There are 2 protein chains.
Amino acid sequence: MELSVAQFSLVSNMFSFTIATLGAAAIFFFASRSSVAPRYRTALMVSGLVVTIACYHYFRIHESWHQAYALSGDVFKETPQAFNDAYRYADWILTVPLLMVELIAVLALPKDQGRNLLTRLVIAATLMIALGYPGEVSSDTTTRWVFWAASMIPFLYIMLILFVELTKSLQTQPEAVRGLVSFARVLLLVTWSFYPIAYAIITLTGKTPAGQIALQVGYTLADITAKAGYGLLIYFMARAKSDAEGFQQDSGDSSRAAVSHA
Amino acid sequence: MELSVAQFSLVSNMFSFTIATLGAAAIFFFASRSSVAPRYRTALMVSGLVVTIACYHYFRIHESWHQAYALSGDVFKETPQAFNDAYRYADWILTVPLLMVELIAVLALPKDQGRNLLTRLVIAATLMIALGYPGEVSSDTTTRWVFWAASMIPFLYIMLILFVELTKSLQTQPEAVRGLVSFARVLLLVTWSFYPIAYAIITLTGKTPAGQIALQVGYTLADITAKAGYGLLIYFMARAKSDAEGFQQDSGDSSRAAVSHA
């Protein structure tokens, strides 16, 4: 497989852009913990961990891309060292369950209900990624479809929980938050759908240079949206709920404290 | 010794996965200190140090793995630069005594009792690692067995302390914590047993490609469980004990402070 200089550079630049975005998001989520009420700080902490883990993996992915292709005349040719898809799966098996933790943490559901939903979502998310991998690394079409189908079962189960079961408990959330939760669910549905659709297209068409470029660019955009964008929604939910509960960030302003005592 | 591309990549990917997991765990433990009562913060600090030290060593181990094998045609062949086992022992001699510190710190035993137990556990843990190393680097079967046996003495002594002596003092712990302590002890017993068992198997069978792969993958899983997983248990203990003692995280909420003065 040969890539033009423009194709190779586009993907390399997208990977670098993703490192910058995820790294900045990590700092923002960690540093914003003090601006929400204590019960929502776990959600921001987990958002920060997700983008940190993904940022690390994009460093490795960027490095692997540069090892997998070498400039030869006017084009980039494959080297003996294949591009390492496993970094994506290593990333997803850590971060996708944590995305479920973020959502349940920010909803702050009654303890038993939250734990029950979380356990099911985390197990389903882990299964979804683990079942996808054997198909991803196989070049046999039947094997690819079997694992694709197997991985779709937990995917649909997660969507069922998010869109059916979670809907009841939304009534307990402040009104300002309900819209954000609905938006977060749609964002997950749309961005997560990209992965099985891309996988299916590649299974149908085989790997072509244009397909490889579209896939890598698509993955970076989906990862930025599903991790940094989604984390930002979690942050807005945490802020809205903190406001609704009358939380005020300590201003470090002793004059205000003095006034309130007066 | 030759490794297939799949064998080499599996180990390389497991090392990278471990770096991501331990790095994320480090951030989590350090950032979670403020969510437990002050007396348990040392335990979280030490948990953070352990996974930071291990994360660093996995960077070196990953690097050493890539220097020790080179792609030659379809297979990875050993280079003149041998894979460096010493990184693991350098890691363990720092982190294994600290794992004992974590446990004693979170239990917050009466001062004399805690200090006494800690001194014995730390000395035994250091001896256990130091005695294992001369056997690990030896290719003489007798030498390997002598140091294996010598290292098993402090190992069994640590288990004796954890399972017999510590049992009395468990009665002083809140009920919510006792189950977690028991679980942490079993986790240590199971994960720590992996190391001498793996060492013994290699001494019996000699080094084979499949054995080398199983060993490296086993080590990474044991390290993740015994450091990040165990640290998470320590965190849950610290949270449960803080809750039982009525600790509330400082909300930084000046309005509430003003109200409480009114």
Side-chain angles (χ1 to χ4, degrees), chain A residues 26 29-31 33-42 44-46 48-57 59-61 63-64 67 79-82 84-95 98 133 137 242 245-254 256-262, chain B residues 5-6 8-36 51 55 58-59 62-63 66 69-76 220 224 228 232 235 239 242-243 247-262:
Chain A
F29 296 142
F30 287 130
R33 280 179 305 145
S34 60
S35 62
V36 301
R39 60 202 302 230
Y40 303 119
R41 287 177 192 169
T42 305
L44 291 196
M45 160 93 86
V46 177
L49 294 178
V50 163
V51 288
T52 303
I53 293 168
C55 185
Y56 163 77
H57 281 113
F59 267 104
R60 291 277 184 215
I61 287 169
E63 186 185 37
S64 176
Q67 286 169 348
T79 68
Q81 215 171 340
N84 188 2
D85 281 317
Y87 288 135
R88 296 202 180 279
Y89 280 81
D91 178 66
W92 294 336
I93 205 144
L94 287 169
T95 56
L98 290 177
Y133 188 62
V137 295
S242 299
E245 290 162 20
F247 171 78
Q248 283 193 306
Q249 192 177 356
D250 181 14
S251 63
D253 179 351
S254 55
R256 196 180 65 176
V259 167
S260 69
H261 286 296
Chain B
V5 171
F8 176 85
S9 305
L10 173 63
V11 172
S12 173
N13 289 331
M14 285 300 298
F15 290 161
S16 172
F17 176 81
T18 308
I19 291 169
T21 309
L22 295 174
I27 296 170
F28 178 76
F29 296 142
F30 287 129
S32 294
R33 279 178 304 148
S34 60
S35 63
V36 302
V51 287
C55 183
Y58 268 93
F59 267 105
H62 181 270
E63 187 184 36
H66 281 257
Y69 297 93
L71 194 57
S72 167
D74 283 351
V75 292
F76 277 88
T220 59
I224 289 174
L232 208 55
Y235 165 77
R239 280 294 296 265
S242 300
D243 284 352
F247 171 78
Q248 280 193 307
Q249 191 177 356
D250 178 19
S251 65
D253 181 349
S254 55
S255 66
R256 199 181 61 176
V259 169
S260 69
H261 285 294

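For clarity, every value in this text was computed on a predicted model and none was experimentally measured. Naming convention: chains lettered A, B, ... in sequence-line order (proteins, then strands); numbering from 1 in each chain. The figures here come from the full heavy-atom set of this structure, side chains too, leaving out hydrogens, waters and symmetry mates.
Contact count versus chain B (heavy atoms, under 4.5 Å) is highest, among A/V50, A/T52, A/V46, A/N84, for A/N84. In terms of heavy-atom pairs under 4.5 Å with chain A, the best-connected choice from B/I19, B/L10, B/D74, B/T21 is B/I19.
Neither the backbone nor the side chain of B/S35 comes within contact range of chain A, judged by heavy atoms closer than 4.5 Å. Heavy atoms of A/F30 lying under 4.5 Å from chain B belong exclusively to its side chain.
To the nearest 0.5 Å, atoms OG (B/S9) and CG (A/D85) are separated by 11.0 Å.
Pairing each heavy atom of A/R60 with each of B/F59, the nearest pair is NH2-CE2, 3.7 Å. Closest heavy-atom contact between B/A24 and A/L49: O-CD2, 3.4 Å. Between A/Y87 and B/H62, the shortest heavy-atom distance links the atoms OH-NE2, 4.2 Å. Here the closest heavy-atom approach between residue A/R33 and residue B/A31 is recorded as NH1-O, 3.3 Å.
When side chains are defined from C-beta on, B/F17 counts as touching A/I93, because their heavy atoms get closer than 4.5 Å.
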